[in-house]
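What you see is a predicted model, and the numbers here were worked out from it, not measured in a lab.
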Amino acid sequence: MAWDDAKGMKIAIDEAVKGLNEGGVPIGGCLMTEDGEVLGSGRNLRIQKSSATLHGEISTLENAGRLKGNVYKNCTMYTTLSPCDMCTGAILMYGIKRVVMGENDTFVGGEDYLRQRGVEVVNLDNQECKDLMAKFIKEKPEEWNEDIGTE
């Protein structure tokens, strides 16, 4: 069966839009099996929950709940933005075999490291993802810089 990247990315984008509407960083995620089962989705909640760690991918894993280790190995992590080092580590820790990102023009995370460790990395170069981030960064540059650890 082929991966349904359009479905996974739509869920991630929907989560990112929810985050933006809540005043948060518009980064969303979705964890989906190869047969199209959505195990969890989430969004960056650092601002909303005053959290140091709830990036989109981490929130997605949290919402998927406890899963057997072998479940992750048949999954794709969809994320609207290139995964940062923390999220890259979580992807590797659980053995997720594919990462599909919306874009990496705004930020380049651990893509090369993921590839080095055998993870398939796909960049959809999605304009909607780029537009969400551009709007947020223009309106809240200090919160973006805080989110990526530069301020």
Side-chain angles (χ1 to χ4, degrees), residues 1-65 72 74-92 94 96-115 117 119-151:
M1 174 167 210
W3 294 99
D4 191 346
D5 291 342
K7 175 183 175 182
M9 187 53 60
K10 179 179 182 340
I11 293 168
I13 291 170
D14 288 348
E15 288 283 350
V17 170
K18 286 179 194 173
L20 182 65
N21 291 338
E22 296 167 347
V25 183
I27 301 170
C30 174
L31 185 68
M32 192 166 65
T33 65
E34 191 169 4
D35 63 6
E37 180 185 359
V38 175
L39 300 177
S41 64
R43 61 192 167 279
N44 185 308
L45 293 168
R46 289 190 70 250
I47 293 170
Q48 299 93 311
K49 294 198 173 195
S50 192
S51 169
T53 59
L54 280 177
H55 280 195
E57 300 90 337
I58 302 299
S59 174
T60 296
L61 290 168
E62 179 70 19
N63 290 334
Y72 297 101
N74 183 40
C75 287
T76 293
M77 174 64 77
Y78 294 89
T79 177
T80 56
L81 186 65
S82 179
C84 73
D85 290 341
M86 176 177 65
C87 296
T88 293
I91 290 162
L92 292 172
Y94 289 106
I96 296 168
K97 71 178 182 179
R98 283 182 88 233
V99 173
V100 175
M101 72 183 99
E103 61 107 347
N104 68 354
D105 287 356
T106 303
F107 176 83
V108 176
E111 301 164 35
D112 288 341
Y113 189 52
L114 287 168
R115 287 186 191 98
R117 297 284 302 270
V119 177
E120 179 185 354
V121 178
V122 177
N123 182 358
L124 298 179
D125 197 33
N126 180 286
Q127 191 61 48
E128 186 174 3
C129 294
K130 292 177 189 180
D131 292 346
L132 283 166
M133 290 307 303
K135 175 179 172 40
F136 177 78
I137 292 168
K138 181 179 179 188
E139 293 174 0
K140 298 181 178 181
E142 67 288 343
E143 290 176 354
W144 168 243
N145 290 328
E146 175 191 321
D147 194 68
I148 59 172
T150 58
E151 285 187 11

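When side chains are defined from C-beta on, Leu61 counts as touching Met77, because their heavy atoms get closer than 4.5 Å. Looking only at side-chain heavy atoms (C-beta outward), Val25 and Leu81 stay at 4.5 Å or farther from each other. With a 4.5 Å cut-off on side-chain heavy atoms, Glu103 and Asn126 do not count as touching. For the pair Leu39 and Thr60, the minimum side-chain heavy-atom distance is 4.5 Å or more. Put simply, the side chain of Cys87 reaches to within 4.5 Å of the side chain of Ile58, judged on heavy atoms. At least one side-chain heavy atom of Cys75 sits under 4.5 Å from a side-chain heavy atom of Leu31. Lys7 is listed as a side-chain neighbour of Val38, based on a closest heavy-atom distance under 4.5 Å. The closest side-chain heavy-atom distance from Thr80 to Glu15 is not below 4.5 Å.
One distance of note links SG of Cys30 with CD1 of Ile13; it measures 11.0 Å at 0.5 Å rounding. How far NZ of Lys140 is from CD of Glu146: 11.5 Å, rounded to the nearest 0.5 Å. Taken to the nearest 0.5 Å, the CG atom of Asp105 stands 8.5 Å off from the CD atom of Gln127. Separating the OH atom in Tyr113 from the CD1 atom in Ile91 is a distance of 12.5 Å, to the nearest 0.5 Å. Atom CG of Asn63 and atom CG of Leu45 lie 8.0 Å apart (nearest 0.5 Å). Atoms CG and OG1, on Asp4 and Thr76 in that order, are 10.5 Å from each other to the nearest 0.5 Å.
The minimum heavy-atom distance between Thr88 and Pro83, with the atom names listed, is OG1-O, 3.3 Å. For the pair Cys129 and Met9, the tightest heavy-atom approach, listed with the atom from each and the gap, is SG-SD, 4.2 Å. Here the closest heavy-atom approach between residue Trp3 and residue Lys97 is recorded as CZ2-CE, 3.6 Å. When every heavy atom of Leu132 is checked against every heavy atom of Ala16, the shortest pair comes out as CD1-CB, 4.0 Å.
Within a 6.0 Å sphere centred on CD of Glu62, heavy atoms belonging to other residues, nucleotides or ligands number 12 at most.
Applying the salt bridge (charged side-chain N to carboxylate O under 4.0 Å, His left out) test to Glu128 and every residue at least two apart in sequence or in another chain returns nothing. Annotation: salt bridge (charged side-chain N to carboxylate O under 4.0 Å, His left out) contacts of Asp14 (sequence neighbours excluded): Lys10.
Ring geometry, Trp144 versus Phe107: the interplanar angle exceeds 60°, so the pair is classed perpendicular (tilted spans 30 to 60°).
Checked for salt-bridge contact, Glu139 and Lys135 meet the test: a charged N lies under 4.0 Å from a carboxylate O.
Between the side chain of Ser59 and the backbone N or O of His55 there is no donor-acceptor pair closer than 3.5 Å. Of the possible donor and acceptor atoms, none in the side chain of Ser82 sits under 3.5 Å from a partner among the backbone N and O of Val108. Side chain of Asn74 to main chain of Thr33: no donor-acceptor pair is present (N/O by atom type, distance under 3.5 Å, no hydrogens or angles). With hydrogens and angles ignored, the 3.5 Å screen pairs a side-chain donor or acceptor of Arg46 with a backbone N or O of Ser51.
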Dump the intermediate steps for side-chain contact (heavy atoms from CB on, under 4.5 Å) on Val119 and Ile96, then the final yes or no.
CA-CA 7 Å; Val119 177; Ile96 296 168; 6.0 Å; no
